[in-house]
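Notes follow once the structure below has been shown.
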Amino acid sequence: MGILEVKDVGKRFGGLQALGDVNLSVAENSCHAIIGPNGAGKSTLLNVLVGKLTPDTGSVMFDGQSVLGLSAHKINQMGISRVFQTPEIFGALSVLENMMIPCFAKRDGSFRMHAIENMMREKDIVDWADRILADVNMADKRHMHAASMSRGDKRRLEIAMCLAQEPRLLLLDEPTAGMARADTNNTIDLLKQIKSERDITIVIIEHDMHVVFSLAERITVLAQGSPLVEDTPENIKGHPKVREAYLGEAAA
Amino acid sequence: MLGLNRKDFLLFLVVTFLALFAPILLNPFPVGSAMAQFNAGYPDLMQRFVIFGIFAIGFNILFGLTGYLSFGHAAFLGVGSYSVVWMYKLLDYNILPGLFLAIVVSAVFALLIGFISLRRSGIYFSILTLAFAQMSFSLAYSVLTPITNGETGLQVYTSDPQILMSGFSPSSPHLFGLVMNDSSYLKFGGWEFTFNNGYYLCAVVLMVAFYLSIRIFRSPFGLMLRAVKSNQTRLNYTGLNPRPYTLAAFVISGMYAGLAGGLMAAMDPLAGAERMQWTASGEVVLMTILGGAGTLIGPILGAGFIKYFENIFSKINDSILHSWFAFLPDGLEDAVVFIIHPFIGKGWHLTLGILFVLVVVFLPGGLVEGGQRIARLFRRKPADKTDNDTSAKTDPAE
């Protein structure tokens, strides 16, 4: 029984069957990649997992509990964090303030009225935020305005914010989309480091095969809304069905 | 000090100093001099400076921090005024029970309006708040006449119960016998300064209100409010629920508005429905943006600026202009007065409008940003090098 169990999930947008009978089981502390050509339903599946979309059929269980119909912040409080295709950070705030918010969320839950305390005197929160910043090599950017950083640093910050919450499942939606090669490699290194240092399950959606084959332990190939194959990276590489889905029948 | 960092404490001291010495600072010209009409140090106007300052500070907690633009805050102002006058009618002229009731009632009112309005954001939120405020205005003006006394406005009549009233109690608003209308005067050479009890009460309330707003700005709660403004998606996916945070900010700013409305009735025991009209809601928006939304001191500056214009600039008339430009040859004098004429007296709105446009276009951070730019200009001369770290540090709300 995996930490994340997706059973017979189907989702239809008007005439388009975006997802049909998706079954997926992600083992705890593994790194599972979901790949597939454009329009295969990868992003739809991810949106189902974080509560942004409710599927028409099927069930999604995280650690034995259903996540369907829950709002995004509740799903997050269960231990699922998400990294977006374009980094979603608090651009108007400093890097340290960005980091403190997930720390408060972890400590105080989804709402707490602490309107009189001075936030910089919450020593445990500031230390916690600084520790994670040091972990991802961003300690020197502590006072920077988050919006003024490079794409790679914004991504790094976003991942760090997710880590601060100590999630059990980290969902990454094309984490290296639109990045220069150097930034991509830095992100891969960061994710490898996270995997080796923490007990965390990672589900990654990615186009870039370099990223997928450097990180994933299992790969699910999605085509036209349903899983085509699920296997280890070595077996996926040479799989005829995968070549067909990606390159068309002629190439296969 | 007082739980504030050095910079905030200094800002608090500056506001305290300005509030306490306003009767002197705002009366720089001797009585009877040509410039005496620019003196703003008379009680009625100073009270308005401070009361609208409180109103704008509260509004800024909602608009400056969360970015939710309410167009209906005047409703809470009106509710505050009515509450105070009702306490005069039922108990006696002591303002304390009234102010307390004003805060409580406006909080309940804000909770109700906020709960519904905050289901939407952006322009829809603004329209919802505007609709609620206009509904309140119309109700106060007509249907609720038994409570609000309709168009006449609510006031105290001799037939009112006033159960705590005894032969010794003052027959105008007071705080445990300290009558709000009373003033002491200080004559000094050609100058005359008025120290009014009511003004000083308002000034003390302003200091408390400003202090609380600094604490809120620097608190984890304030951080969450700024996060709401910056990126709600990330906030949701960080396990935080934006709705109770914005609702709490809405209620707090509604309470500030109720307190301001209550103080208006504490200075002058009347309450009218026009206080709830949408122009009053718009005014506080202008004050906050003009001064600098999201900054600590901006709303106070904006409130002072607009009220000064409204009361002083509007008093300049053609004959005053003629006396100023008397040194010019006759034809030229008339021409200059003709050109300036539309911008003064009743035309003060035009001047204010132009200033507002200039500020929004060239100083999006309001008067505070103007001040910061000037300060930076002066700082650059002695040491060019410090520029880098100051520009990084001055950004976050101050």
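In what follows, chains are A, B, ... by sequence order, proteins preceding strands, each numbered from 1.
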Examine whether an atom of Ile252(B) lies under 4.5 Å from a heavy atom of chain A, and if so say whether it belongs to the side chain, the backbone or both; otherwise answer neither.
side chain

Are more than 12 heavy atoms, taken from residues, nucleotides or ligands other than Tyr211(B), located less than 6.0 Å from that residue's OH atom?
yes

Expected output: side-chain Ser110(A) to main-chain Asn241(B) donor-acceptor under 3.5 Å:
no

What's the spacing between Arg121(A) CZ and Ser219(B) OG if we round to 0.5 Å?
13.0 Å

Measuring from Asn76(A):CG to Leu235(B):CG, what's the distance to the nearest 0.5 Å?
10.0 Å

Is any side-chain heavy atom of His73(A) closer than 4.5 Å to one of Asn236(B)?
yes

At what distance, to the nearest 0.5 angstrom, does CD1 of Ile116(A) lie from CG of Leu212(B)?
5.5 Å

Lys74(A) atom NZ, over 12 foreign heavy atoms within 6.0 Å:
no

Does Arg107(A) have more than 12 heavy atoms from other residues, nucleotides or ligands lying within 6.0 Å of its CZ?
yes

Proximal component of Ile89(A), with respect to chain B [non-hydrogen, under 4.5 Å]:
backbone

So with a 6.0 Å cut-off around CG of Asp199(A), is the heavy-atom count from everything else above 12?
no

Choice from Ala72(A), Ala146(A), Gly51(A), Gly91(A) maximising heavy atom contacts with chain B below 4.5 Å:
Ala72(A)

So Arg234(B) and Glu158(A), side chain to side chain contact (heavy atoms under 4.5 Å, CB included) or not? Walk me through it.
CA-CA 9 Å; Arg234(B) 180 36 80 197; Glu158(A) 192 187 22; 2.6 Å; yes

So among His114(A), Met120(A), Glu97(A), which one has a side-chain contact (heavy atoms from CB on, under 4.5 Å) with Leu223(B)?
Glu97(A)

Would the number of heavy atoms belonging to other residues, nucleotides or ligands and lying under 6.0 Å from CD1 of Ile123(B) be above 12?
no

Rounded to the nearest 0.5 Å, what separation is found between the OG1 atom of Thr238(B) and the CZ atom of Phe90(A)?
4.5 Å

Return the CG to OH distance between Leu171(A) and Tyr237(B), rounded to the nearest 0.5 Å.
10.0 Å

Among Ala227(B), Pro220(B), Pro244(B), residue most engaged with chain A (heavy-atom pairs, under 4.5 Å):
Pro220(B)

Count the heavy atoms belonging to other residues, nucleotides or ligands that lie under 6.0 Å from CZ of Phe115(B), then report whether that count exceeds 12.
no

Could you tell me the separation between the CD atom of Glu117(A) and the CZ atom of Arg215(B), rounded to the nearest 0.5 Å?
8.0 Å

Among Arg112(A), Met161(A), Glu122(A), who wins on heavy-atom pairs under 4.5 Å with chain B?
Arg112(A)

